Structures are given as structure tokens and as C-alpha cells.
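Contents: one structure, followed by commentary.
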Amino acid sequence: MRTVISADELRTGIASLARRLEAHYQGQPVTIVGLLNGSLLILGDLVRELRIPVEYDTLRVSAYRGEATTAGAVLVEVGHVPPVRGRHLLLLDDILDTGATLHAVTELARGWGALSVRTAVLLWKRDRTRAGFLPDEYIREIPDVFVVGYGLDYNRQYRQLPQIVEFDPSIPAARQGLPS
Ligand code: 5GP
Ligand code: MG
């Protein structure tokens, strides 16, 4: 199993993010909205680390990607509008790749009446991100490799791993030290 980020590194990374968020929001009302299912574990760990009053909510997003010619164009369907009027909104996701998903959700969220809309991700594949789709906060930059664990899946598997590992779908899982 090739570990990209250990459970210990995740803990310290989340603690640093929590300190940056505390400094940024300065006691103002914040709602963290995690995109399902990938951000579930980081959402739970992050809110327990924060020493400011915070509300949290989740959002299930169905993103339909456009053709190659419109790469990055994503049509987002949101089943629930979180009550964020008069509060600061922080959208949280597991990973930012092209940035299209979080960019589209951010555009939509601008209509929800929040005092501000910002984004935070656990992982950022900076080299793949389209111009203008950058995250406001991130914990770790990673190269363009496929990873699973700590919320990230391959065909709904491996989200439960306490660390983030590289995964090659062309090699049997057992040979990569993963449960098959
Ligand atoms: P974006 O819209 O930023 O291109 O895509 C973000 C989504 O792509 C993530 O929420 C995640 O579902 C998926 N994704 C991108 N890279 C990876 C990866 O390395 N591993 C896994 N499991 N999902 C990824
Ligand atoms: Mg996802």
C-alpha cells in the first residue's frame, strides 16, 4: 500500500486548517457544508477540531460533465438548500481536481444569501486545475495520481481507510495491500 498521507499527517493538516479558519472568521457565524460522500470524514474531524461556534450541513451533488469541448462545464443538481442566510458559508470537499464541481456549486451557492462563500478541500491536484477554479483553502497538494481512503472511493470502496493511499485500478486490490 503506497501511503500518500498518513493518519497522523491528516490530523496535523486538519488542525492547521482549523487554526486558519478560526483566524479568518474571527468568531463570526460560519456554516461548513460538506459535499457527500467524499467529505464526510474530514467534515466530522474538522468540526471537532474547531474552537469557534460552527454549524454544519451536507449537500448531495450530482454533477454532469460536459463533452471534451466543454471540459470543466458541470451541471449541478442540489437536492437541498442549506440555511446560510446571514452566515458565512464554507463549502468543503475531499479533493479538487479540475475544480469544475466546486466551482459550479460555488456559483449556485452565491444565490443562498450567505455573507460570504469560500471553499476548502483536503487534497488539491493543482496541476490539473483549470484557471480560476482554485480552492480558497487546502490541506495538501498532491500530484496527478488516483488516491483512495479517508472518504475517497474507488467504486464506493475504500472510503473507510484511515489514511490516503495511491490506487491503481488496473492492478488487483489484494496486490496493492487493500481488502478485495
Ligand atoms: P473536479 O470537478 O474537481 O474535476 O472533480 C472533483 C471530484 O473528482 C472529486 O470530488 C472526486 O469525486 C473525483 N476525484 C478526482 N481525483 C480523484 C482521486 O484521485 N481519487 C478519487 N477517489 N476521486 C477523485
Ligand atoms: Mg467527490
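Everything numeric in this text was worked out from a predicted model, so none of it was measured. Any value given below was found using the heavy atoms of this structure, including those in side chains, with hydrogens, waters and symmetry copies removed. All residue numbers refer to positions in the sequence shown, counting from 1. In each ligand, atom 1 is the first atom listed, and ligand 1 is the first ligand listed.
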Do S6 and D8 have a side chain donor and acceptor closer than 3.5 Å? no
At under 4.0 Å between heavy atoms, which part of L123 makes contact with ligand 1: side chain, backbone, both or neither? neither
Atom CZ of R20 with >12 non-hydrogen neighbours under 6.0 angstrom: yes
Would you call Y154 a ligand 1 contact, heavy-atom distance under 4.0 Å? no
Distance under 4.0 Å to a non-hydrogen atom of T98: what atoms of ligand 1 satisfy this? 1 (P), 2 (O), 3 (O), 4 (O)
Which of the atoms of ligand 1 are close to D94, meaning less than 4.0 Å from one of its heavy atoms? 9 (C), 10 (O)
D153: numbered ligand 1 atoms lying under 4.0 Å from its heavy atoms: 21 (C), 22 (N)
Determine, using heavy atoms of V145 and all atoms of ligand 1, whether some pair is separated by less than 4.0 Å. yes
Looking only at side chains, do T31 and R87 share a donor and an acceptor under 3.5 Å apart? yes
Show me which atoms of ligand 1 lie under 4.0 Å from any heavy atom of L152. 21 (C), 22 (N), 23 (N)
If you measure every N or O of V147 against every N or O of ligand 1, does any of those distances drop under 3.5 Å? yes
Without placing hydrogens or testing angles, list every side-chain donor-acceptor pair under 3.5 Å for residues 102-117, not counting sequence neighbours.
unit_1: T106; atom_1: OG1; unit_2: L102; atom_2: O; d: 2.6
unit_1: S116; atom_1: OG; unit_2: H88; atom_2: ND1; d: 2.6

May I ask which of L35, T101, V4 has a heavy atom nearer to atom 2 (O) of ligand 1 than the others do? T101
Can you give each donor-acceptor pair under 3.5 Å made by side-chain atoms of residues 149-158, sequence neighbours left out, with the distance rounded to 0.1 Å?
unit_1: Y150; atom_1: OH; unit_2: D45; atom_2: OD2; d: 2.6
unit_1: D153; atom_1: OD2; unit_2: R156; atom_2: N; d: 2.8
unit_1: Y158; atom_1: OH; unit_2: P179; atom_2: O; d: 3.3

Short list, please: which atoms of ligand 1 are under 4.0 Å from a heavy atom of D93? 10 (O)
Charged N to carboxylate O under 4.0 angstrom, E141 versus K125? no
In this structure, does ligand 1 have an atom that sits under 4.0 Å from one of the heavy atoms of G99? yes
Going by atom types alone, do D136 and H24 pair a side-chain donor with an acceptor below 3.5 Å? no
If I compare all heavy atoms of F133 with all of A100, which pair ends up nearest, and what's the gap? CD2-N, 3.6 Å
With a 4.0 Å cut-off on heavy atoms, is K125 in contact with ligand 1? yes
